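The structure under discussion appears below in the form of structure tokens.
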Amino acid sequence: MKYLILVLAAFTTTGYAQDLEKVKDLNNKTKPGAASITIKGPLETPNFHLNGVMYPDDASGVCNIELEPRDYVHDTAYAGPAIIHQYTYSSKENTCKVQLTIHEQKAELTGEVILTGDCSGFCGMSGDPSVFNGQYKLAK
């Protein structure tokens with residue numbers, strides 16, 4: 001029993017990685033699946049890795065965003081059995097704003113990402129940060 005408690009304690013404090021894939025584009029510029037979110041750690045203080053590619057056929061137009069807990073503000077709301085996590089990143093250097101919403105219901109995660117302002121610093125030469133704007137679900 002002592003070992004089970006120790007394992008559970010380690011699991012809840014370190015968390016684990018979950019991948020969400022884009023299933024719906026909110027701006028009709030890219031194909032669904034051209035972006036993904038990796039969530040590492042518990043949803044109260046996760047690290048986020050957003051990876052997107054503007055042109056999936058030749059893997060060009062790459063954008064990457066990495067956010068740690070110190071980079072964003074986290075709010076939690078409860079809607080019936082669902083828990084809604086809202087993460088907001090606002091750049092101090094430009095007008096970039098990242099809104100990341102994760103809906104947690106019965107161990108199923110869905111999400112939505114909306115970027116506004118000048119977020120081009122997260123992308124390479126031919127990348128467009130709007131590639132992230134979309135709805136996401138757990139990758140299978």
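The model shown is predicted, which means the values in this text are computed figures rather than measured ones.
- Under the 3.5 Å distance criterion, the side-chain polar atoms of Asp118 are matched with a main-chain donor or acceptor of Ser120.
- The ring pair (Phe, Tyr, Trp, His ring centres under 6.0 Å) check on His74 picks up His85, Tyr87, with sequence neighbours excluded.
- Looking only at side-chain heavy atoms (C-beta outward), Phe48 and Leu100 come within less than 4.5 Å of each other.
- Judged purely by distance below 3.5 Å, without hydrogens or angles, the side chains of Thr88 and Gln99 pair a donor atom with an acceptor atom.
- The closest side-chain heavy-atom distance from Leu109 to Gln18 is below 4.5 Å.
- Note that CD1 of Ile83 and CD of Gln105 are 9.5 Å apart. Values are rounded to the nearest 0.5 Å.
- Separating the CG atom in Asn51 from the CZ atom in Phe122 is a distance of 12.5 Å, to the nearest 0.5 Å.
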Residue pair Leu115, Ile65: steps toward the side-chain contact (heavy atoms from CB on, under 4.5 Å) verdict: CA-CA 11 Å; Leu115 273 69; Ile65 299 174; 3.9 Å; yes

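- Between Val113 and Tyr136, the closest side-chain pair of non-hydrogen atoms falls below 4.5 Å.
- For the residue pair Thr101 and Glu112, no side-chain donor N or O sits within less than 3.5 Å of a side-chain acceptor on the partner.
- Grouping the Ile, Leu, Val, Met, Phe, Trp and Tyr side chains by contacts below 4.5 angstrom, directly or via other members, places Tyr72 with Phe132.
- Distance check, rounded to the nearest 0.5 Å: CD1 of Ile102 to CD1 of Ile39 gives 4.0 Å.
- A donor atom on one side chain and an acceptor atom on the other are found under 3.5 Å apart for Asn94 and Ser91.
- For the residue pair Thr38 / Asp19, a side-chain donor-acceptor distance below 3.5 Å is found, with atom types taken as modelled.
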